[in-house]
Protein chains: 2
Amino acid sequence: MSLPHAILTALLEKPSSGLELTRRFDRSIGYFWSATHQQIYRELGRLEAEGHIRALPTEQPARGQKKSYEVLPAGRAELQRWTAAAQDPRPHRDTLLLRMRAAAVVGTEGIEADLRRHLTLHQRQLAEYEEIEKRDFPPGRDSAQDRLRHLVLRAGIDLETFWTQWLAHALEEFAELPGAEDG
Amino acid sequence: MSLPHAILTALLEKPSSGLELTRRFDRSIGYFWSATHQQIYRELGRLEAEGHIRALPTEQPARGQKKSYEVLPAGRAELQRWTAAAQDPRPHRDTLLLRMRAAAVVGTEGIEADLRRHLTLHQRQLAEYEEIEKRDFPPGRDSAQDRLRHLVLRAGIDLETFWTQWLAHALEEFAELPGAEDG
DNA sequence: AGGCTTTGTGCAACTAGTTGCACAACCATG
DNA sequence: CATGGTTGTGCAACTAGTTGCACAAAGCCT
């Protein structure tokens, strides 16, 4: 149950409409909590019904008209509660590692190309994060907010670094592998 | 759609009953693809209906009686197909990073204790992986299968290492943080 | 004016994963 | 031999996330 809290956080950072939220989920927030616009609109409806957010008053909030939301005190309180509450880490699910393990049994035929593709994707993502770091966290700015946000970005950078290295290593191993590994 | 393939892999490594599979998911496989016994039984039923696996013949396969499954050729072919097929990385969702970002907005009150708890959990997991590595991958054994499996375990070790370091770093930052960070 | 694309909101149906519980068989033990 | 725990299988209901599509409004192009 984290999507509503992701939305509350985003709205506290800046009141937004559904589409604006969607864009921000595609950029920064989605790096560790992705969501489609359909999910977001549905959740905005629920949050409004619960009194956690409200639509900013506009002229004519009809279908096809932009509608912005802001967080109400109850929403902020809920987010605060949720943030402080103990939570067990949710189980990871990683398809690529699963496929590697399957490849150990049914053979590596065909997987190598996809590893290379993933390597490229992770390199690209890493470059993007490093760009953001350079732009948004120049040395010197170190308010509490900046430090926390930088910490989160560092996690993203280090995770992407890990994946690029692991994939590169995996591809090296593949190069050394004997031809037939079925069975 | 990866659970059936996780099960096929596990069954190819060794034919098993539902409960045995559940145990193996709790141990090794679950480290990158977790599943409950309910999920597993449901999926075993589907895989059997599709002709990908079959129950090993036993005396009386009644309710409460152990029932083992093995993979049929069709199942192996499907796993092979799936392993080789290109797949986009699925979006990550990490609650802890989300909470950190929320904390930057609503304050860090209370989250520190949970960071410490997570640090302990990750340290424990890391120790467990390293134990497995020492036991199952002594230097010298390097068949294709061993190399691939070792690669997967290395991913686990490196990820846990990353998290312990990141959490330790985060806790250091917290120690230096000014008292009031709300707003 | 007519159609064509972009922006923006949203419903409906489906798939995957979680939670809670039921129940049979087996095994120990007082 | 009853009772109580453990092993093992499984259904049902729910929650979260995905996919596909509908449709309104506004701007652009000819």
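Numbers restart at 1 for each chain; the letters A, B, ... are given by sequence-line order, proteins then strands.
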S.K.: Both B/P91 and B/E20 contact DNA chain D. Which one's nearest nucleotide lies toward the 5' end?
M.R.: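 On the 5' side of the pair lies B/E20.
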
S.K.: Can you figure out which of D/dG8, C/dT19, D/dG17 approaches the side chain of B/Q38 most closely?
M.R.: C/dT19

S.K.: Which whole-number value in Å describes the distance from B/L3 CG to C/dT18 C1'?
M.R.: 13 Å

S.K.: Detail all sub-3.5 Å separations between protein N/O atoms and N/O atoms belonging to nucleotides 13-16 of chain C.
M.R.:
none

S.K.: Would you call B/E20 and B/R23 a salt bridge, using N to O less than 4.0 angstrom?
M.R.: no

S.K.: Take the protein atom CD1 of B/I7 and the nucleotide atom C1' of C/dG17, then report the distance between them rounded to whole Å.
M.R.: 13 Å

S.K.: Not counting sequence neighbours, which residues clear ring pair (Phe, Tyr, Trp, His ring centres under 6.0 Å) with A/W163? List them please.
M.R.: A/H122, A/W166

S.K.: Using whole Å, report how far CG of A/L44 lies from P of C/dG8.
M.R.: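 Whole-Å distance recorded here is 14 Å.
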
S.K.: Could you check whether A/H118 and B/Q87, counting side-chain N and O atoms only, form a donor-acceptor pair closer than 3.5 Å?
M.R.: no

S.K.: Go through D/dG10, C/dG17, C/dG10 for me and flag the one nearest to the A/K67 side chain.
M.R.: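 Taking heavy atoms from C-beta onward, the closest nucleotide is C/dG10.
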
S.K.: With a 3.5 Å cut-off and just heavy-atom distances, do the side chain of B/H37 and the base of D/dG8 make a donor-acceptor pair?
M.R.: no

S.K.: Is the shortest side-chain N to carboxylate O distance from B/R149 to B/D146 below 4.0 Å?
M.R.: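 No salt bridge links B/R149 with B/D146.
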
S.K.: Given atom CD of B/E48 and atom P of D/dT9, what is their separation to the nearest angstrom?
M.R.: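 From B/E48 CD to D/dT9 P: 12 Å.
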
S.K.: Rounded to the nearest Å, what distance is computed from the CZ atom of residue B/F25 to the P atom of nucleotide C/dT18?
M.R.: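 It is 12 Å, rounded to the nearest whole Å.
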
S.K.: In whole Å, what is the span from the CG atom of B/L19 to the P atom of C/dA24?
M.R.: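 In whole Å, C/dA24 P lies 18 Å from B/L19 CG.
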
S.K.: Could you tell me the separation between the CD atom of A/E43 and the P atom of C/dC11, rounded to a whole number of Å?
M.R.: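 Spelled out: CD on A/E43 to P on C/dC11 is 13 Å.
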
S.K.: Under 4.5 Å between any side-chain heavy atoms of A/T108 and A/E112, yes or no?
M.R.: no

S.K.: With DNA chain C as reference, determine whether A/R93 or A/R23 sits nearer its 5' end, using the nearest nucleotide of each.
M.R.: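 Closest to the 5' end, via its nearest nucleotide, is A/R23.
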
S.K.: Aromatic rings A/H150 and A/F137: how do their planes relate, parallel, tilted or perpendicular, breaks at 30° and 60°?
M.R.: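 Answer is parallel, since the angle falls under 30°.
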
S.K.: Can you measure B/I40 atom CD1 to C/dG17 atom P for me and round it to whole angstrom units?
M.R.: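 Spelled out: CD1 on B/I40 to P on C/dG17 is 12 Å.
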
S.K.: With heavy atoms under 4.0 Å as the rule, sort B/S17 into base, sugar-phosphate or nothing.
M.R.: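 Sugar-phosphate: the residue B/S17, judged by heavy atoms under 4.0 Å, touches backbone atoms but no base.
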
S.K.: I'd like to check A/I157 versus A/I132 (side-chain heavy atoms, cut-off strictly below 4.5 Å). Are they in contact?
M.R.: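 They are not in side-chain contact.
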
